[in-house]
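Working notes for the structure below.
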There are 2 protein chains.
Amino acid sequence: MTDSRSAETGKRRTTLTRERVLDAAMELADEGGIGSVTMRGLGRRLGVEAASLYNHVCGKDDVLEGLTDLVTGEIDAGVDHADWKSAMRRRAVRARGVFKRHPWASALIDSRERMSPSALAYAESVLGVLLGAGFSARDAANAFLILDSYIYGFERQRASLSLGDGIDTTQSAQEVLGAVTPDAFPALVQVAGEFAELPYDEDAVFDLGLELILTGLGERLVEIEPVEHAFRADNAPRAR
Amino acid sequence: MTDSRSAETGKRRTTLTRERVLDAAMELADEGGIGSVTMRGLGRRLGVEAASLYNHVCGKDDVLEGLTDLVTGEIDAGVDHADWKSAMRRRAVRARGVFKRHPWASALIDSRERMSPSALAYAESVLGVLLGAGFSARDAANAFLILDSYIYGFERQRASLSLGDGIDTTQSAQEVLGAVTPDAFPALVQVAGEFAELPYDEDAVFDLGLELILTGLGERLVEIEPVEHAFRADNAPRAR
DNA sequence: ACCTGAACACCGTTCAAGT
DNA sequence: ACCTGAACACCGTTCAAGT
């Protein structure tokens with residue numbers, strides 16, 4: 001009652017905060033893509049002039065950094081001490097969940113040059129699992145890089161091909177069939193013909209590729225480690 | 001001599017052309033990143049008003065599309081009919097060469113939503129090789145998607161971690177060591193400590209991951225195909 | 001047919017001025 | 001301490017006017 005008339009706008013009930021700015025940025029990104037988070041748009045949504053944001057945030061780059069941080073935090077959440085393969089699987093699933101909720105996230109993460117604070121925490125928990133499973137420092141780093149290349153790369157590929165998420169793949173296949181001169185693109189026509197009938201299961205393909213990599217990394221591990229390590233590797237943390 | 005004084009500016013010797021606009025865009029991107037290709041900057045480089053570009057190009061999006069086309073054309077060049085694994089390896093090498101010449105390329109390709117003309121040609125040649133090697137339409141599409149997720153994803157990961165290309169990885173590792181509180185990040189410290197001494201060979205890691213995937217895809221192929229197909233599919237031995 | 005000049009609707013960021 | 005108003009240097013794009 002004593003407060004300024006906040007019922008009118010529905011915003012500005014309290015003073016601005018870095019957190020409130022980032023929340024608004026998240027909403028804008030979820031609604032209209034990363035391109036629609038602008039300082040001016042952010043101000044508009046918060047009922048404030050764009051210039052005012054600079055009291056709580058260092059600039060647009062800081063907003064994007066904060067957004068990256070929030071989103072990689074969502075992926076990192078909840079690391080358990082299961083065997084490394086299922087820990088990596090769980091991580092992949094969580095990442096894909098985040099990309100479903102925030103379709104702009106993978107492009108933003110990929111575009112950042114320096115590691116954000118929560119990216120460090122993320123690396124720590126992944127490397128911790130791998131080292132605990134018996135990977136050498138070098139093999140752990142390799143496995144991390146190879147897995148993430150695939151996990152994040154798959155999402156970008158999916159976005160480029162406008163696959164999945166309620167998109168009718170049989171229809172996209174038919175579009176390709178229509179757009180292309182058949183004798184110049186025989187292989188493309190054959191593949192598109194296949195998918196015009198039976199839809200494409202992107203989740204199954206993702207899992208297939210993930211298992212290929214996990215299996216390959218696992219074989220490399222038993223090649224190198226002595227037997228009792230290889231046995232322990234799947235189940236238990238070793239004392240560090 | 002009868003021409004307008006072109007010696008003065010060094011530009012504008014001939015009338016503008018879509019091709020000349022795209023060449024200029026390529027130069028701008030190579031020099032200052034994709035962010036520095038703007039319509040106004042393009043006009044400045046070509047000695048022309050930004051508005052004039054609209055006589056040869058449909059807008060900025062068309063410029064970016066043209067750039068994507070040029071660059072995926074470079075990757076696609078020269079498909080041979082070797083066995084599928086070495087064809088895929090060669091493709092990966094060519095892609096990485098392009099990313100070295102044009103560091104902005106992978107992000108641009110990933111950001112495009114619809115397939116450009118040369119992306120269709122690219123898909124045709126890849127799928128052609130895989131089908132020719134005995135892959136079913138479905139398995140060919142899967143292999144294509146999985147491989148490209150890894151190939152392009154690796155490049156984005158490399159860029160995010162500012163790995164390779166003359167960057168001293170032992171130094172970056174030491175930076176990490178300095179920036180982090182050791183007992184909060186034990187795994188990170190252990191791994192960074194390793195790489196502070198022996199540098200990180202990004203090419204070797206890329207090849208490792210690529211071989212994991214190729215091997216996995218190949219095993220899947222022999223599982224399904226009859227023996228004589230499996231033999232044709234790859235001239236490498238199947239015994240493991 | 002091609003190019004220019006000027007305009008429009010947007011950006012991010014700075015800074016003196018208000019409260 | 002926080003916010004505003006106005007300004008600056010940029011964007012992409014349109015369009016009448018020039019040649």
Side-chain angles (χ1 to χ4, degrees), chain A residues 2-6 8-26 28-29 31-68 104 107-108 111-113, chain B residues 2-6 8-26 28-29 31-68 104 107-108 111-113:
Chain A
T2 63
D3 208 11
S4 64
R5 313 195 30 73
S6 61
E8 198 151 35
T9 64
K11 317 283 163 63
R12 288 298 294 289
R13 48 200 164 201
T14 168
T15 183
L16 236 42
T17 258
R18 184 186 152 88
E19 198 192 350
R20 296 215 320 124
V21 172
L22 290 181
D23 285 351
M26 184 81 100
L28 280 180
E31 287 165 15
I34 198 69
S36 70
V37 12
T38 66
M39 297 303 276
R40 290 177 130 102
L42 224 33
R44 213 174 301 131
R45 156 147 322 210
L46 291 165
V48 109
E49 222 61 24
S52 310
L53 298 171
Y54 288 77
N55 288 311
H56 307 95
V57 133
C58 288
K60 187 178 185 182
D61 199 69
D62 188 32
V63 172
L64 295 181
E65 168 119 358
L67 236 35
T68 321
W104 44 269
L108 179 62
S111 73
R112 301 268 81 193
E113 306 235 311
Chain B
T2 62
D3 207 10
S4 65
R5 315 195 26 75
S6 61
E8 199 151 36
T9 64
K11 317 283 164 63
R12 288 299 294 290
R13 49 201 163 199
T14 169
T15 182
L16 236 42
T17 257
R18 183 186 153 89
E19 198 191 349
R20 297 216 318 125
V21 172
L22 291 182
D23 285 351
M26 184 82 99
L28 280 180
E31 287 166 15
I34 197 69
S36 70
V37 11
T38 66
M39 296 304 275
R40 290 178 130 101
L42 224 33
R44 214 174 301 131
R45 157 146 321 208
L46 291 164
V48 109
E49 222 61 25
S52 310
L53 298 171
Y54 287 79
N55 288 311
H56 307 95
V57 133
C58 289
K60 187 178 184 182
D61 198 69
D62 188 31
V63 172
L64 295 181
E65 169 119 358
L67 236 35
T68 321
W104 44 270
L108 179 62
S111 73
R112 301 267 83 194
E113 306 235 312

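In what follows, chains carry the letters A, B, and so on, assigned in the order in which the sequence lines appear, proteins first and then strands, with residues in each chain numbered from 1.
- Near DNA chain D, meaning a heavy atom under 4.0 Å away, the residues from residues 51-60 of chain A are A/Ala51, A/Ser52, A/Asn55, A/His56.
- Here C/dT4 presents its P atom at 11 Å from CG of B/Leu46, a figure rounded to the nearest Å.
- Between B/Leu42 and B/Val57, every side-chain heavy-atom pair lies at or beyond the 4.5 Å cut-off.
- Atom CZ of residue A/Arg44 and atom CG of residue A/Leu28 lie 9.0 Å apart, to the nearest 0.5 angstrom.
- Considering only the side chain of B/Thr38, D/dG12 comes nearest among C/dT13, D/dG12, C/dC11.
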**Message:** For DNA chain C, please output the secondary structure as dot-bracket, reading 5' to 3'. Pairs are Watson-Crick or G-U wobble, both atom distances under 3.5 Å; mark crossing pairs with [ ], other-strand partners with |, unpaired with a dot.
**Reply:** ||.|||||...|||||.||

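- Evaluation of the side-chain contact (heavy atoms from CB on, under 4.5 Å) rule for B/Ala107 yields B/Arg156 as partners, not counting sequence neighbours.
- Between the CD atom of A/Glu49 and the C1' atom of C/dC15 there is a distance of 14 Å, rounded to whole Å.
- Atom-to-atom, CZ of A/Arg40 to C1' of D/dC3 comes out at 16 Å; the value is rounded to the nearest Å.
- Applying the side-chain contact (heavy atoms from CB on, under 4.5 Å) criterion to A/Thr17, with sequence neighbours excluded, gives A/Glu19, A/Arg20.
- C/dC11 atom P lies 18 Å from atom CG of A/Asp61, rounded to whole Å.
- B/Asp23 pairs by the salt bridge (Lys or Arg N to Asp or Glu O under 4.0 Å) definition with nothing, not counting sequence neighbours.
- Within the 4.5 Å cutoff, the side chain of B/Leu53 has heavy atoms near those of the B/Leu16 side chain.
- You'll find that the side chain of B/Thr15 is closest to C/dC2, out of C/dC2, C/dT4, D/dG12.
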Between the protein and nucleotides 17-19 of chain D, list every N/O to N/O distance that falls short of 3.5 Å.
none

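- Residue pairs meeting the salt bridge (charged side-chain N to carboxylate O under 4.0 Å, His left out) criterion with at least one partner in residues 50-61 of chain B, sequence neighbours excluded, are B/Asp61-B/Arg112.
- Regarding B/Met39, its CE atom lies at a distance of 15 Å from the C1' atom of C/dT4, rounded to whole Å.
- Under the salt bridge (Lys or Arg N to Asp or Glu O under 4.0 Å) criterion, A/Glu31 pairs with A/Arg45, sequence neighbours left out.
- Under the side-chain contact (heavy atoms from CB on, under 4.5 Å) criterion, B/Ser52 pairs with B/Val48, B/Glu49, not counting sequence neighbours.
- The closest side-chain heavy-atom distance from A/Trp104 to A/Val37 is not below 4.5 Å.
- Evaluation of the side-chain contact (heavy atoms from CB on, under 4.5 Å) rule for A/Leu22 yields A/Arg18, A/Val63, A/Leu70 as partners, not counting sequence neighbours.
- Rounded to a whole Å, the CG atom of A/Leu42 is 12 Å from the C1' atom of C/dG12.
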